[in-house]
Amino acid sequence: MRPTSRLRPTRDTVSTIREDGSHRFLFPADAAGRFRRARRAAALVLIAAYLSLPWIRVGGYPAVFLDVARRRFHLFGLVLAAQDLWLLFFLISGLGFGLFLITALLGRVWCGWACPQTVFLEHVYRRVERWIDGDAMRRRQWAEAPTTLSKILRRTAKHAVYLALSAAIAHLFLAYFVSIPALWGMMRGAPGDNWGAFVFIAAATGIVYFDFAWFREQLCVILCPYGRLQSALTDDHTLVIGYDWARGEPRGRLGETGAGDCVACDRCVQVCPTGIDIRQGLQMECIGCAACIDACDEVMLRVGRARGLVRYDSLSGLTGRRTRWLRPRTVLYGALLLAGMAVAAWSIGGIRPAVLSVTRMVGAPYYVDGDLVRNQFLVRLVNKRAEAADLAVTVRGLPAGAAARGLDAPVTVGPLGEEVRPLIVQEPRSRYAAPFAFEVEATDRSGSFTLRRALEFLGPDNIPAPPAPRAPNSPIRTAAPANSDEPPRARP
Ligand code: SF4
Ligand code: SF4
């Protein structure tokens, strides 16, 4: 019978967990072939990018530098301040819809080809394991062998290399937040000089080491939310790695009468890094690494049959039907991706080299002080460039009689710096009738950009007339009704 469901539950537990709940450590065999070579090339490019981005300088700063301490985020020459972080919504949602679209079209190509978990595990840590312990059979033998001096030495060497690699990955990760020179300075200092960084590195090293030395594929199978979303993001027309049931079954030895193309060698199972049998249909544990394609192609070539018994195809294609690339979900994800990218591009195009923000000072929204109504603000100027900025700050749109104080001189903001100035706006009480709008404007001395913020001047709804100075012993007078021509009456 052919597989019918897309994600078939083939057993009660996942492949890497034993019946008693303990971790079943896997020893996947090596598979050689075109996908293996292509994945290794992709992994080298990705690892090289991870290693080099903090070193490559664009506009005087690392290509990717998330300077949390100074709230500046450098992305390939684009500098974002904390005030620009709303843009991340569009960037992250764009990336999310991009991943949705790729998943709907190409299945778990991200997991198998580009996810850091797969890249580092398959192309760094497993290589160390093969180099020290040997191939899959030797690794299993070492694991099951009694404890001897040779085994202890081998294990110590392997885990020392794992730890060194984990520490290197953790240090480089920190460099994305503090820059390479600052990281180097911290490394030369005593741990007590940089306790925060030291604890971060120790924790990150421990997590990376635990993950790649022991936890491994369980992260994909048990923890990763993206893996869990597969059944919602894919359908019968999504490109997956599948077994051609019609061609392969019934399985049988080479030359057996009536047998299909599958020679039941189990090579596809031996190479699987998550320990599943692709012949049982598409399963949640499959990370799309294509190792089983290479393994089966190798077997097929050896027995003189066509490659592709296990191959990239949609479930539709594997059952002899046409694969449809244009589907409602791919159109929807594509449209959302384009919309997100368009908004992100438009928003990024509007980013200025400085930020002006004006907030009301803590306290009352206005003060009535003698004959004046007063509003108090804080003007914050953030320079996102590597050179100082001279900004002339002016207040525009005040009605006659109103005045602003505090921003008379130009403000010089240092490279990547920030300056805060108080701004007092006041209006004679007798002139104030209702809230009014005005604007704070900051202009770069070179005239290359102008920033504006709209504000509102507030005051009391009904301002009582200021008490007239009273002559000694004069009678107290009350105000006449507003609609009356009567002169004020004396209070009895
Ligand atoms: S079934 Fe094949 S593609 Fe899926 S994880 Fe195993 S080896 Fe990789
Ligand atoms: S590698 Fe190919 S031939 Fe061998 S068991 Fe797997 S599907 Fe069958």
Side-chain angles (χ1 to χ4, degrees), residues 2-3 6-11 14-16 24 26-40 42-43 103 106-115 117-119 121-123 126 136 216-222 224 226-228 230-231 234 238-256 258-315 318:
R2 288 180 183 182
R6 289 193 290 112
L7 290 170
R8 285 162 56 91
T10 52
R11 63 193 95 77
V14 292
S15 55
T16 56
R24 184 160 74 91
L26 300 176
F27 303 93
D30 297 330
R34 54 196 167 134
F35 290 112
R36 172 83 183 168
R37 286 192 297 276
R39 283 177 67 224
R40 182 167 293 170
T103 309
L106 306 176
R108 296 184 75 166
V109 69
W110 160 261
C111 303
W113 291 70
C115 175
Q117 174 74 11
T118 309
V119 167
L121 177 58
E122 291 301 321
H123 303 283
R126 276 210 219 278
R216 298 192 161 189
E217 68 290 331
Q218 292 192 98
L219 187 128
C220 314
V221 174
I222 300 169
C224 178
Y226 176 63
R228 299 274 155 171
Q230 293 305 306
S231 56
T234 61
T238 299
L239 198 68
V240 294
I241 291 172
Y243 167 68
D244 191 334
W245 189 275
R247 182 183 149 191
E249 300 295 314
R251 301 166 204 174
R253 304 227 166 266
L254 197 60
E256 205 174 299
D261 276 357
C262 176
V263 293
C265 63
D266 280 354
R267 196 55 197 139
C268 50
V269 184
Q270 291 160 8
V271 298
C272 179
T274 59
I276 59 172
D277 183 347
I278 192 65
R279 293 169 300 174
Q280 294 178 353
L282 183 59
Q283 293 149 73
M284 185 192 71
E285 295 96 324
C286 177
I287 56 167
C289 70
C292 52
I293 301 183
D294 280 336
C296 189
D297 281 352
E298 207 181 1
V299 173
M300 289 296 108
L301 288 178
R302 222 180 293 147
V303 299
R305 290 176 182 163
R307 292 191 307 196
L309 177 58
V310 179
R311 63 175 182 269
Y312 272 112
D313 205 341
S314 67
L315 291 181
L318 286 166

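Every number for a ligand or one of its atoms is a count from 1 in the order of the listing. Just so it is clear, the values below take in all heavy atoms, side chains as well, and ignore hydrogens, waters and symmetry mates. Predicted model only: the values in this text are computed from it and were never measured.
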Chemist: Which distance, rounded to the nearest 0.5 Å, do you find between the SG of Cys224 and the CD of Gln218?
Modeler: 13.5 Å
Chemist: Closest non-hydrogen protein atom to atom 8 (Fe) of ligand 2, residue and atom name please, with distance?
Modeler: Cys262 SG, 2.3 Å
Chemist: Can you check which of Asp266, Asp261, Val303 brings a heavy atom nearest to atom 5 (S) of ligand 2?
Modeler: Asp266
Chemist: Supply the atom-to-atom distance Thr118 OG1 to Arg216 CZ, rounded to the nearest 0.5 angstrom.
Modeler: 12.5 Å
Chemist: What's the separation between atom CZ in Arg251 and atom CG in Asp261, rounded to the nearest 0.5 Å?
Modeler: 13.0 Å
Chemist: Below 4.5 Å, heavy atoms only, C-beta onward: do Met284 and Arg228 meet side chain to side chain?
Modeler: yes
Chemist: What I'd like to find out is whether the side chain of Ile241 reaches to under 4.5 Å of the side chain of Val310, using heavy atoms alone.
Modeler: yes
Chemist: Which of the numbered atoms in ligand 2 are under 4.0 angstrom from any heavy atom belonging to Arg279?
Modeler: 5 (S), 7 (S)
Chemist: Are the side chains of His123 and Arg39 in touch, meaning some heavy atoms are under 4.5 Å apart?
Modeler: yes
Chemist: How close does the nearest protein non-hydrogen atom get to atom 2 (Fe) of ligand 2, and which residue and atom is it?
Modeler: Cys296 SG, 2.4 Å
Chemist: Considering the heavy atoms of Cys265, write down every atom of ligand 2 situated less than 4.0 Å from one of them.
Modeler: 1 (S), 3 (S), 4 (Fe), 5 (S)
Chemist: Should one rank Val263, Asp294, Val310 by closest heavy-atom distance to atom 3 (S) of ligand 2, which comes out on top?
Modeler: Val263
Chemist: Nearest protein heavy atom to atom 1 (S) of ligand 2, by residue and atom, and its distance?
Modeler: Cys268 N, 3.4 Å
Chemist: Do Tyr226 and Cys115 come close enough that some side-chain heavy atom pair is under 4.5 Å?
Modeler: no
Chemist: So how many protein N, O or S atoms does atom 4 (Fe) of ligand 1 have within less than 2.8 Å?
Modeler: 1
Chemist: Need the ligand 2 atom indices (1-based, order shown) with element for anything under 4.0 Å from a heavy-atom of Met300.
Modeler: 3 (S)
Chemist: Does Gln283 reach the main-chain N or O of Asp277 with its side chain, forming a donor-acceptor pair under 3.5 Å?
Modeler: yes
Chemist: Do any side-chain atoms of residues 286-299 form donor-acceptor pairs under 3.5 angstrom with protein atoms, and if so which ones, sequence neighbours left out?
Modeler:
from	atom 1	to	atom 2	distance (Å)
Asp294	OD1	Arg34	N	3.3
Asp294	OD1	Phe35	N	3.2
Asp294	OD2	Phe35	N	3.4
Asp294	OD2	Arg36	N	2.7
Asp297	OD1	Gly308	N	3.1
Asp297	OD2	Arg34	NH2	3.1

Chemist: Hey, does Leu254 have a side-chain heavy atom less than 4.5 Å from the side chain of Arg305?
Modeler: yes
